[in-house]
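Take a look at the structure below.
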2 protein chains.
Amino acid sequence: MPSKPAAPITIDAVYAAPGYLFRRMQQIAVSIFMEECKAFDLTPVQYAALIAIHTHPGIDATRLSAVIAFDRSTLGSVIERLQAKDYIERKPAPEDKRIKLLYLTKSGAAILREIIPAVKRAQARMLEPLKPADRKALMGLLVQLVDLNNDASRVPLRAEDALEHLGKGG
Amino acid sequence: MPSKPAAPITIDAVYAAPGYLFRRMQQIAVSIFMEECKAFDLTPVQYAALIAIHTHPGIDATRLSAVIAFDRSTLGSVIERLQAKDYIERKPAPEDKRIKLLYLTKSGAAILREIIPAVKRAQARMLEPLKPADRKALMGLLVQLVDLNNDASRVPLRAEDALEHLGKGG
DNA sequence: CAAAGATTGTCAGTATGCTGTCAATCTCGA
DNA sequence: TCGAGATTGACAGCATACTGACAATCTTTG
């Protein structure tokens with residue numbers, strides 16, 4: 001049998017590669033989110049940050065970055081923009097001069113309540129083309145994969161560890 | 001029956017949302033790619049662009065953006081960097097002064113050959129935590145979803161349409 | 001042919017995401 | 001206690017991504 005020739009290098013191989021499909025799907029997800037939420041002037045990242053601060057009032061930036069798996073550097077500018085829009089406020093921590101604690105403002109809590117339906121529509125639209133059983137299957141596999149690959153990312157999710165200081169760990 | 005209370009808004013809802021999972025998986029995929037390919041100084045985006053130019057020599061930037069579903073604006077700087085690294089060259093099109101045609105240099109073709117094994121390792125690692133049957137299932141669903149959602153993204157993939165000018169359409 | 005319209009590459013502006021560095025500050029061990 | 005080491009927030013720099021605008025150029029149409 002002749003030795004198998006090297007597979008031709010073409011763009012079609014890229015179309016079937018997991019990395020390409022993940023990038024593409026993220027692109028699509030952001031696009032749908034922005035479309036459904038265009039009345040609110042909030043990005044997916046800013047939304048996630050608001051929800052996290054709402055869930056953990058008084059969290060600091062470093063712990064927040066672990067809770068939503070954002071880069072610590074990136075998060076700085078996200079916080080700045082949320083503060084500029086008056087959705088959050090930062091208070092110095094009395095017992096540690098390095099830390100600034102994050103809280104939702106009334107505006108922030110209000111927009112969070114208002115945007116929820118749009119976000120739910122967006123999340124539904126992303127999976128809409130699939131049959132209901134396939135949606136479940138896909139989400140199940142994705143949850144597994146993201147969890148099992150957690151440490152492969154530079155900023156692994158540390159939902160639990162990050163919150164011990166708030167007295168909610170355990 | 002009492003009316004169902006509004007679901008509490010917490011970060012846990014975000015962890016299960018498709019948009020969050022896609023973002024996270026993309027983050028992980030890029031991280032794995034960069035790790036496997038760190039010897040080559042090529043990003044996933046730059047790799048895809050090189051492959052596409054290799055598959056379609058003499059393509060122009062606008063068509064290239066359709067073939068790999070990149071934003072046309074973003075692609076400009078990607079091309080610039082590939083050119084700075086001497087992996088591609090741009091030649092003016094004789095029949096249209098607006099267009100610059102893209103070609104791989106010898107360096108570009110060489111690095112493409114060399115990086116393939118690392119890219120394959122990276123793609124395999126992304127799915128490694130899943131059982132083989134689950135990998136297939138996930139890829140199948142993702143291919144479907146990306147295809148069916150193609151028009152939802154701002155820069156839909158136009159693999160076929162884009163190539164008519166090269167005499168390869170049909 | 002000339003004007004209207006479309007296309008191409010480019011640029012400015014905004015928003016993630018990452019690497020790396022730094023000063024201020026805190027913690028812990030000798 | 002004091003100094004080494006860790007932590008925190010901030011910053012610089014690079015690389016996607018997207019919106020919107022623009023001049024140069026090409027195409028279509030009246």
Side-chain angles (χ1 to χ4, degrees), chain A residues 19-20 22-24 26-35 38 41-49 59-66 68-85 90-102 153-156 162 165, chain B residues 19-20 22-24 26-35 38 41-49 59-66 68-85 90-102 153-156 162 165:
Chain A
Y20 175 82
F22 291 132
R23 180 181 74 81
R24 196 84 187 83
Q26 220 267 320
Q27 210 175 18
I28 290 166
V30 171
S31 179
I32 290 176
F33 183 102
M34 294 305 281
E35 202 177 309
K38 61 171 173 288
D41 188 31
L42 264 194
T43 67
V45 162
Q46 291 166 8
Y47 169 76
I59 197 173
D60 62 279
T62 295
R63 251 145 289 272
L64 180 58
S65 86
I68 48 185
F70 281 22
D71 185 81
R72 215 161 51 105
S73 296
T74 306
L75 192 57
S77 53
V78 175
I79 287 175
E80 227 167 62
R81 281 184 284 273
L82 286 175
Q83 196 172 14
K85 292 178 189 173
R90 314 175 75 172
K91 296 178 185 172
E95 77 286 359
D96 190 332
K97 289 178 192 166
R98 294 169 304 177
I99 293 178
K100 297 175 185 174
L101 306 178
L102 301 169
S153 71
R154 170 103 193 309
V155 189
H165 78 124
Chain B
Y20 175 82
F22 291 133
R23 181 182 72 82
R24 196 84 186 83
Q26 221 265 322
Q27 207 176 19
I28 290 166
V30 171
S31 179
I32 291 175
F33 183 103
M34 294 305 282
E35 201 177 312
K38 61 172 174 286
D41 188 32
L42 264 195
T43 67
V45 162
Q46 291 168 6
Y47 169 77
I59 197 172
D60 63 277
T62 294
R63 251 145 290 273
L64 179 58
S65 85
I68 48 185
F70 282 21
D71 184 80
R72 214 161 51 103
S73 296
T74 306
L75 192 57
S77 54
V78 175
I79 287 174
E80 225 169 62
R81 280 184 283 274
L82 285 175
Q83 196 171 13
K85 293 178 190 174
R90 313 177 75 172
K91 296 178 185 171
E95 77 286 359
D96 191 332
K97 289 178 192 167
R98 296 170 303 177
I99 293 178
K100 298 176 184 172
L101 307 177
L102 301 169
S153 71
R154 210 274 177 132
V155 188
H165 78 123

Q: Sugar-phosphate means primed atoms, P, OP1 and OP2; the rest is base. With that split, encode nucleotides 13-18 of chain C 5' to 3' as B, S or - using protein heavy atoms under 4.0 Å.
A: --SBBB
Q | For the student: nearest non-hydrogen atoms of Y20(B) and A69(A), plus distance | A | OH-CB, 4.1 Å
Q. With F70(A), which residues qualify under ring-ring contact (aromatic ring centres under 6.0 Å, His included), at least two apart?
A. none
Donor-acceptor contacts, no H, no angles, side chain residues 76-83 of chain A, under 3.5 Å, sequence neighbours left out:
| residue | atom | partner | partner atom | Å |
| --- | --- | --- | --- | --- |
| S77(A) | OG | T74(A) | O | 2.9 |
| S77(A) | OG | R81(A) | NH2 | 3.3 |

Q: Applying side-chain hydrogen bond (donor to acceptor under 3.5 Å, both in side chains), name anything that partners S153(A), two or more places apart in sequence or on another chain.
A: R24(B)
Q.
Distance check needed: dA23(C) P versus I99(A) CD1, whole Å only.
A. 21 Å
**Q.** Exercise: identify the closest heavy-atom pair between I68(B) and R23(A)
**A.** O-NH2, 2.8 Å
**Q.** Atom pair distance, as rounded to whole Å: CG in D60(A) and P in dC26(C)
**A.** 13 Å
Q: Report yes if at least one side-chain N or O of K97(B) is closer than 4.0 Å to OP1 or OP2 of dG9(C); otherwise report no.
A: no
Q: Compare every heavy atom of A49(B) with every heavy atom of L64(B), then report the nearest pair and how far apart it is.
A: CD1-O, 4.3 Å
Q | Closest heavy-atom pair and its distance - L42(B), K85(B) | A | CD2-NZ, 4.4 Å
Q: Using atom CD of E80(B) as one end and atom P of dT8(C) as the other, report the distance to the nearest whole Å.
A: 19 Å
**Q.** salt bridge (Lys or Arg N to Asp or Glu O under 4.0 Å) involving R90(B) - partner list, sequence neighbours excluded
**A.** none
Q) First contact, last contact: which nucleotides of DNA chain D are these for chain B, 5' to 3', heavy-atom distance under 4.0 Å? A) dA15(D) to dC26(D)
